[in-house]
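First comes the structure, then the notes that go with it.
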Amino acid sequence: MARDLLGATLLVTETDGAVTSGLIVETEAYTGTDDPASHAGRGRTPRSEIMYGPPGVAYIYLIYGVHHCFNVVSEPAQTPGAVLIRALEPLTNLPLMATRRHLNPTSYSPLNLCSGPGKLSQALALTTSFNAASLQSSAIKIYPATTQLPHTTTPRRGITKAVDRPWRFALTNNPFTS
DNA sequence: ATATGGATGCAA
DNA sequence: TGCATCCATATT
């Protein structure tokens, strides 16, 4: 599931009409009640409830009180699971992304816009207000990849539990990863 | 290496 | 209520 999202296009339209989009180049899987690194790893809680619902909706939460992380609920209802989108190759409206990222909109590195889960959420203005939104809505759309692209498989990053599970996926030789 | 700083979940 | 923890980032 996390593999399938590699190469998909994520497009966000704000209420003010601003559009940003990017190609998904890095993902991580958090699946099942037996995954201690997942928010569902301690069972159903108010926060993890959405991961038990139907797939294809957004799960967005605040981490470290500072950054938002954007996930895609990935498993059938009753089975908890989500895919963390860790990096995008920015496609649409890069200067706006740069402004949101507090970078100089006329002098910035595209490599620094969406190369991390907090960065891409900031660049696409994805906050908890989008939590539980359908990913085929007017606000957020995901266009699936038509082919499975070459990718690497590694352990997940930034976690302290179940660090050995190889559930991080990234497009091979894509420079926009984190 | 370190500061940042809000929400969550669990214990008390 | 209090408190440890947290799927990170920017800055030193």
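Everything numeric in this text was worked out from a predicted model, so none of it was measured. Below, read A as the first sequence line, B as the second, and so on, with proteins coming before strands; counting in each chain starts at 1.
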Margin query: Does any part of the side chain of A/V25, heavy atoms only, come nearer than 4.5 Å to the side chain of A/L88, both counted from C-beta?
Written below: no
Check: Atom CD of A/E49 and atom C1' of B/dG9: how far apart are they, to the nearest Å?
Finding: 15 Å
Check: So, is A/R47 near the phosphate of C/dC6, with a side-chain N or O under 4.0 Å from OP1 or OP2?
Finding: no
Check: Expressed as a whole number of Å, how far does the C1' atom of C/dC3 sit from that of B/dG5?
Finding: 15 Å
Item checked: Length of the NE2-P vector between A/H67 and C/dT11, whole Å -> 10 Å
Next item on the list: From the options C/dA10, B/dA7, B/dG9, select the nucleotide whose nearest atom is closest to the side chain of A/R42.
Entry: B/dG9
Next item on the list: Could you state the atom-to-atom distance from CZ of A/R157 to C1' of C/dC7 in whole Å?
Entry: 11 Å
Next item on the list: Say whether A/R100 and A/Q122, considering side chains only, have a donor N or O and an acceptor N or O under 3.5 Å apart.
Entry: no
Next item on the list: Applying side-chain contact (heavy atoms from CB on, under 4.5 Å) between A/T20 and each of A/L91, A/L113, A/L94, A/V12, report the one that passes.
Entry: A/V12
Note to self: Can you tell me whether the side chain of A/Y61 and the base of C/dC6 have a donor-acceptor pair closer than 3.5 Å?
What the structure shows: no
Note to self: Is the base of C/dC7 stacked against the aromatic ring of A/Y30, taking ring centres under 5.5 Å apart and planes under 30° as the test?
What the structure shows: yes
Next item on the list: Return no unless some side-chain N or O of A/H39 is found under 4.0 Å from OP1 or OP2 of C/dC6.
Entry: no
Notebook entry, point to check: Side chain of A/T172, backbone of A/H151: donor and acceptor closer than 3.5 Å?
Noted result: yes
Next item on the list: With DNA chain C as reference, determine whether A/Q122 or A/Y59 sits nearer its 5' end, using the nearest nucleotide of each.
Entry: A/Y59
Next item on the list: Ignoring backbone atoms, establish whether A/R86 has a side-chain N or O less than 4.0 Å from OP1 or OP2 of C/dA8.
Entry: yes
Item checked: Who pairs with B/dG5 - Watson-Crick or G-U, where each distance is under 3.5 Å -> none
Note to self: For C/dC6 and A/K161 - does any side-chain N or O of the residue sit under 4.0 Å from the phosphate oxygens OP1/OP2?
What the structure shows: yes
Notebook entry, point to check: Could you state the CD1-C1' distance from A/I60 to C/dC7, rounded to the nearest angstrom?
Noted result: 14 Å
Checklist line | Nearest-nucleotide pick for A/N71, side chain only, options being B/dG9, B/dA7, C/dC7 | finding: C/dC7
Notebook entry, point to check: For C/dT5, does either OP1 or OP2 sit under 4.0 Å from a side-chain N or O belonging to A/T160?
Noted result: no
Next item on the list: Determine which nucleotide pairs with C/dG2, using a 3.5 Å limit on both distances of a Watson-Crick or G-U wobble pair.
Entry: B/dC10
Checklist line | Pairwise side-chain contact, A/Y30 with A/V83, heavy-atom cut-off 4.5 Å (strictly under) | finding: no
Note to self: What is the distance, to the nearest angstrom, from the CG atom on A/L111 to the P atom on C/dA10?
What the structure shows: 13 Å
